[in-house]
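Heads up, the thing below is written out as structure tokens.
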Amino acid sequence: MLKNPKKTGICQLRISTLLPSLAIALFVLTASTLTAQAQSNSHDVVVRFDRNVYLQFASSYRHSGDLLIVEDFEQPDATRKMPIEVTAAVHFGQRFSGSDSDMQAIRWYEGTEADFQIDSGTETLAIEGERSLILARIKQDSDKRFQLAGVADYLTQTEVDLIRNSADPLSFPALFTKNAVEVGESWQPEDDALADFLAVDRVYSNETELTLSSVSDGVARVQLTGSAKAEVDDVTSEIVVQTVAWVNLENEFVEALRSEVRQQREPGQIAAGYTGITRVDMKSSIEEEIPSLTNEALANVASQKVERKLKWESRVGGFELIYDTRWRMIVADTEAAVMRFVDNGNLMAQCNVVQLPARPQNRPLALEEFRTEVARVVAQEESAQVIAAETKRTQHGLAALRVTVEGVEQGVPVQWIYYHVSGEDGRCATFVFTLEQELASIFAPADKLLVNQFEFTPLNSDRTGRYFRPSAPTTGR
């Protein structure tokens, strides 16, 4: 039977008309399928902290290597090696209190302690009591970006050394976050983000890269490898890093991390050198609440101003000294310390503090006696001359005798400032500041501020003292 030619023509017309539309639809369908496939291989690796979210961190650190000590900078070849082995457990709960642009958190350190083996000596240090409550932050416009401060009590330098390490969680968002990255893709971290992660002051040569190595069950495995040259206390450190982080893509936090950092740093005028390896093993978890960081627990300290200062204390000598973080504790024990004042990376002055034998309560040292004693001490320097002497009273009621001397040392005009500080019970101490004369106007009044913070405290009946040690560098310090 013959087909109706009109109907056949209409049918052919309809098919020919639909063909372009079908082709377009097929193209769109194919393209969208390919796009979906491409997107399935692309991941947003994001690490962030939401305000008032609680996280619990448990880390183990092991530092193995040598401290490099230059005892006489006129003979820099005479560098002494002191083997150092540090095993530390750093555990803390964290409540984030900042924002994406203001990295700040309040922390409670509990079960944080370390065993130090330095040369032939062994020591133990723990974060305890009120010093367990600590504010951590990254300050963008500071030469010391990463900052730690005690909230209820000041930290000691050794306590800061214990908890200031590489792989601090506050450095994770800037380091690991990368949108639309495919498995196997690599990218270079920003210098500041790398510096915060490595616990150094500044990175000026960055040969590291991050790689998204795999994604499984909602967890991204990110590797950080390579080398960098960094600055720590105005001295170059050569660093090689190998790190693996497991990022929870749903909850956007690093749930585990392992890291090995090799470092070689020559000694400087501010800190000892260090050559060795730091190994880190960290795990974290999200908590509904951490009792020590709730609003109720923080009610007594919420209104307090947090000052970034440090404390040197001696229970044997019965004194304490609160000081600006620009002062670096080079070495200290229960009766003496050597400190150096560093401003924007520049060494400006040194201060030697020594506790003296107590004097009779009814016979305090007079200013003229102190002036004569200082003149006798500096008499071996032909150019030395006493230019001023004065008496003042510190904020803690101590008598402070101040004698200023000017002279020339190794061809450089130098100023020495001597203090004798005494209490009503006869206990006394001396401060000796050394600086170049051209820095005197810039340095002032740092000496007066430091002495003003010195305080004699009640002596322990058992005369038990807290140990002090040379500041042992961890990964970056």
Side-chain angles (χ1 to χ4, degrees), residues 269 312 314 317-324 326-333 335-343 346-457:
Q269 292 183 319
W312 171 43
S314 171
F319 64 80
E320 66 179 32
L321 176 64
I322 308 300
Y323 58 95
D324 187 321
R326 288 176 295 178
W327 284 104
R328 308 289 178 81
M329 189 69 72
I330 305 303
V331 62
D333 58 25
E335 295 182 339
V338 177
M339 308 172 70
R340 288 176 181 157
F341 189 81
V342 183
D343 192 16
N346 299 315
L347 175 61
M348 299 186 65
Q350 176 167 306
C351 177
N352 291 36
V353 187
V354 179
Q355 186 173 23
L356 303 173
R359 294 176 62 89
Q361 295 184 30
N362 60 352
R363 196 174 163 273
L365 186 67
L367 178 60
E368 194 55 40
E369 289 180 278
F370 185 50
R371 177 181 178 132
T372 301
E373 183 179 328
V374 171
R376 179 182 57 80
V377 170
V378 302
Q380 57 187 351
E381 297 287 343
E382 295 183 2
S383 61
Q385 182 179 359
V386 175
I387 63 168
E390 60 179 322
T391 301
K392 63 170 292 186
R393 185 73 62 175
T394 73
Q395 67 178 12
H396 296 295
L398 304 179
L401 311 178
R402 184 178 189 266
V403 174
T404 305
V405 178
E406 287 186 351
V408 177
E409 189 175 72
Q410 297 179 357
V412 179
V414 176
Q415 185 176 101
W416 295 275
I417 305 172
Y418 290 80
Y419 281 88
H420 183 277
V421 182
S422 59
E424 293 181 355
D425 61 0
R427 283 184 289 169
C428 50
T430 183
F431 290 70
V432 181
F433 297 86
T434 304
L435 61 150
E436 295 182 14
Q437 285 186 33
E438 65 178 17
L439 298 176
S441 60
I442 303 173
F443 175 69
D447 62 304
K448 295 180 180 179
L449 293 174
L450 184 66
V451 172
N452 204 40
Q453 294 283 353
F454 184 81
E455 179 181 12
F456 286 112
T457 56

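Treat the numbers as computed from the prediction; the structure is a model and nothing was measured. For the single chain, residues carry numbers from 1 onward in sequence order. Values reported hereafter were calculated over all heavy atoms of this structure, with side chains retained and with hydrogens, waters and symmetry mates removed.
- Minimum interatomic distance between Phe456 and Gly423 (heavy atoms only, all atoms of both residues): CE1-N, 3.8 Å.
- Separation of the Phe319 and Phe454 ring centroids falls under the 6.0 Å cut-off.
- Of all the heavy atoms in Gly397 and Arg393, the pair that sits closest is O-NH1, 3.1 Å.
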Exercise answer: donor-acceptor pairs, residues 370-385 side-chain atoms, under 3.5 Å, sequence neighbours excluded:
unit_1: Thr372; atom_1: OG1; unit_2: Glu368; atom_2: O; d: 2.9
unit_1: Ser383; atom_1: OG; unit_2: Val408; atom_2: N; d: 2.8
unit_1: Ser383; atom_1: OG; unit_2: Val408; atom_2: O; d: 3.3

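- Rounding to the nearest 0.5 Å gives a distance of 5.0 Å between OG1 of Thr391 and CG of Leu401.
- Asn346 is not listed as a side-chain neighbour of Leu439, based on a closest heavy-atom distance of 4.5 Å or more.
- In this structure, the separation between CD on Gln395 and CD on Gln453 is 4.5 Å, given to the nearest 0.5 Å.
- Every residue two or more places apart in sequence or in another chain that forms a side chain to side chain contact (heavy atoms under 4.5 Å, CB included) with Ser422 is listed here: Ala399, His420, Cys428.
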| field | CA sep, side-chain torsions, deciding dist, call: Leu450, Leu321, side chain to side chain contact (heavy atoms under 4.5 Å, CB included) | value | CA-CA 8 Å; Leu450 184 66; Leu321 176 64; 3.9 Å; yes
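- Remark: Ala336 pairs with Asp333, Val354 by the side chain to side chain contact (heavy atoms under 4.5 Å, CB included) rule, at least two apart or across chains.
- Residues Phe433 and Tyr418 keep their aromatic ring centres 6.0 Å or farther apart.
- One distance of note links CD of Gln415 with CZ of Phe443; it measures 9.0 Å at 0.5 Å rounding.
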| task | Check step by step if side chain to side chain contact (heavy atoms under 4.5 Å, CB included) holds for Ile387 and Val405. | result | CA-CA 6 Å; Ile387 63 168; Val405 178; over 6 Å; no
| task | Carefully, step by step, assess Thr404 and Val386 under the rule side chain to side chain contact (heavy atoms under 4.5 Å, CB included). | result | CA-CA 6 Å; Thr404 305; Val386 175; over 6 Å; no
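- Between Thr434 atom OG1 and Arg340 atom CZ the span is 10.5 Å, to the nearest 0.5 Å.
- Under the 3.5 Å distance criterion, the side-chain polar atoms of Glu455 are left unmatched by any main-chain donor or acceptor of Glu320.
- Put simply, the side chain of Phe431 does not reach to within 4.5 Å of the side chain of Asn352, judged on heavy atoms.
- By the side chain to side chain contact (heavy atoms under 4.5 Å, CB included) test, Glu369 pairs with Arg363, Leu365, Ala366, sequence neighbours left out.
- Closest non-hydrogen pair, Ala349 versus Trp327, comes out as O-CZ3, 4.3 Å.
- If you take CZ on Arg427 and OG1 on Thr457, they are separated by 6.0 Å, rounding to the nearest 0.5 Å.
- Residue Trp312 comes nearest to Ala337 through the heavy atom pair CH2-CB, 3.6 Å, listed as atom of the first residue, atom of the second, then distance.
- Considering every non-hydrogen atom in both Thr394 and Ala400, the closest pair reads CG2-CB, 4.0 Å.
- Taking the ring-ring contact (aromatic ring centres under 6.0 Å, His included) definition, one finds that Tyr323 meets it with nothing, sequence neighbours left out.
- How far CG of Leu398 is from CG of Asn452: 9.0 Å, rounded to the nearest 0.5 Å.
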| field | Stepwise side chain to side chain contact (heavy atoms under 4.5 Å, CB included) test for Arg326 and Met348 | value | CA-CA 10 Å; Arg326 288 176 295 178; Met348 299 186 65; over 6 Å; no
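- Identified under the salt bridge (charged side-chain N to carboxylate O under 4.0 Å, His left out) test for residues 394-407, with sequence neighbours left out: Glu390-Arg402, Arg402-Asp447.
- Smallest separation of non-hydrogen atoms from Leu347 and Val342: CD1-CG2, 4.4 Å.
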